[in-house]
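In what follows, a structure is listed as structure tokens, so that the remarks can point back to it.
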Amino acid sequence: YGFKAAGVQLSSGTNIVRGMNVGLDRAGISAAANGVGIDVVGTNARSNVIGVAGIGDVGNVIGNSEVAGIRIRAGATATAIYGNQIGGEDASRAPVAVGGKQDGIAVLNSLGTVIGGVSPGQANSIAGNGRFGIFLSGVNAASPAQGTRVVANSLVDNVSAGVAIAGGSGNTVGGTV
């Protein structure tokens with residue numbers, strides 16, 4: 001079941017990805033590693049939602065990635081990441097969804113990404129990744145409203161740090177959306 005590139009790739013806008021086992025078989029029982037779990041790439045990738053889009057929706061279970069569970073890159077804008085389990089082990093959902101070898105979520109040279117939120121079910125569980133839970137690089141925003149916003153997530157047992165910002169400005173960690 002695994003793919004060398006991505007389990008899911010979005011290069012267009014206004015898509016919703018929810019209720020999936022990414023990096024696992026259909027039953028969520030066995031590992032099926034991908035290079036990247038969900039890859040959002042390019043300037044046409046605008047206003048996508050990964051996970052819970054509203055009340056009653058089910059987030060994704062993402063694990064076993066070589067590079068990142070979710071990667072936002074190359075000019076993708078306004079991606080919302082809500083209510084997902086990225087790595088870690090949750091016997092009620094997917095006991096084999098172990099963290100990725102590098103990052104849970106990586107945002108690279110892209111603006112307006114929101115990771116988590118304060119409404120019920122919007123927080124992501126990001127755990128057990130080999131490097132960072134969330135990694136931001138090259139996100140240079142003119143204001144915090146344009147930067148990446150990281151709000152109300154559970155970040156545990158990631159090897160290097162829960163959140164790392166390298167070479168960027170105008171990003172917000174904490175607070176409300």
Side-chain angles (χ1 to χ4, degrees), residues 5-18 22 34-53 59-60 62-63 65-88 99-119 122-177:
V8 176
Q9 185 179 61
L10 302 176
S11 57
S12 63
T14 63
N15 298 291
I16 299 172
V17 179
R18 64 184 169 107
V22 181
N34 295 301
V36 174
I38 300 174
D39 198 14
V40 183
V41 59
T43 57
N44 289 328
R46 296 181 301 271
S47 302
N48 289 296
V49 176
I50 300 170
V52 178
N60 301 291
I62 304 165
S65 301
E66 295 291 322
V67 177
I70 299 172
R71 181 173 63 184
I72 313 299
R73 64 187 174 105
T77 56
T79 302
I81 303 170
Y82 299 134
N84 300 288
Q85 176 190 330
I86 304 164
K101 289 186 178 178
Q102 293 185 28
D103 305 320
I105 298 173
V107 180
L108 313 169
N109 302 308
S110 297
L111 295 175
T113 301
V114 177
I115 303 170
V118 296
S119 295
Q122 286 186 330
N124 297 288
S125 173
I126 306 167
N129 293 287
R131 199 168 78 144
F132 305 114
I134 299 171
F135 178 63
L136 311 178
S137 178
V139 181
N140 292 299
S143 71
Q146 295 175 331
T148 297
R149 291 172 283 163
V150 178
V151 181
N153 297 285
S154 172
L155 297 151
V156 297
D157 295 331
N158 297 291
V159 173
S160 294
V163 178
I165 301 174
S169 62
N171 301 292
T172 303
V173 177
T176 59
V177 176

Here the pair of heavy atoms bringing T79 nearest to I50 is CG2-CD1, 4.2 Å
Going by the rule side chain to side chain contact (heavy atoms under 4.5 Å, CB included), which residues pair with R46 if we only count those two or more places apart in sequence or in a different chain? N44, T77
Show the nearest heavy-atom pair for residues V118 and A152, with the distance to one decimal. CG1-CB, 4.3 Å
Any sub-3.5 Å donor-acceptor pair from N60's side-chain atoms to V17's backbone N or O? yes
Rounded to the nearest 0.5 Å, the OG atom of S137 sits from the CZ atom of R73 at a distance of 13.5 Å
Determine yes or no for a side-chain-to-main-chain donor-acceptor pair under 3.5 angstrom, with Q9 supplying the side chain and A6 the backbone. no
Please step through side-chain contact (heavy atoms from CB on, under 4.5 Å) for the pair V173 and I165, ending with a clear verdict. CA-CA 10 Å; V173 177; I165 301 174; 4.1 Å; yes
Side-chain (N34) to main-chain (V22) donor-acceptor, under 3.5 angstrom: no
So which heavy atom on N153 is nearest to which on V151, and how close? ND2-O, 3.1 Å
Residues pairing under ring-ring contact (aromatic ring centres under 6.0 Å, His included) where one sits in residues 134-156, two or more places apart or in two chains, turn out to be F132-F135
Under a 3.5 Å threshold, yes or no: a donor from one side chain and an acceptor from the other, between N129 and D103? no
Side chains of S65 and V36: does their closest heavy-atom pair fall under 4.5 Å? no
Between the CZ atom in R149 and the CG atom in N171, the distance rounded to the nearest 0.5 Å is 10.5 Å
For the student: nearest non-hydrogen atoms of A74 and V41, plus distance: CB-CG2, 3.9 Å
Is it the case that the side chain of N48 and the backbone of N15 share a donor-acceptor pair, with hydrogens and angles ignored and the cut-off at 3.5 Å? yes
Option from V107, I72, L108 for which side-chain contact (heavy atoms from CB on, under 4.5 Å) with L136 holds: V107
Here the pair of heavy atoms bringing T172 nearest to P144 is OG1-CB, 3.5 Å
Could you give the distance from OG1 (T148) to CD1 (I134), rounded to the nearest 0.5 Å? 9.5 Å
Provide the closest heavy-atom pair for G117 versus Q122 in the form atom of the first, atom of the second, distance. CA-OE1, 3.4 Å
Exam field: side chain N124 to backbone I86, donor-acceptor pair closer than 3.5 Å: no
Between the CG atom in N84 and the CD1 atom in I70, the distance rounded to the nearest 0.5 Å is 5.0 Å
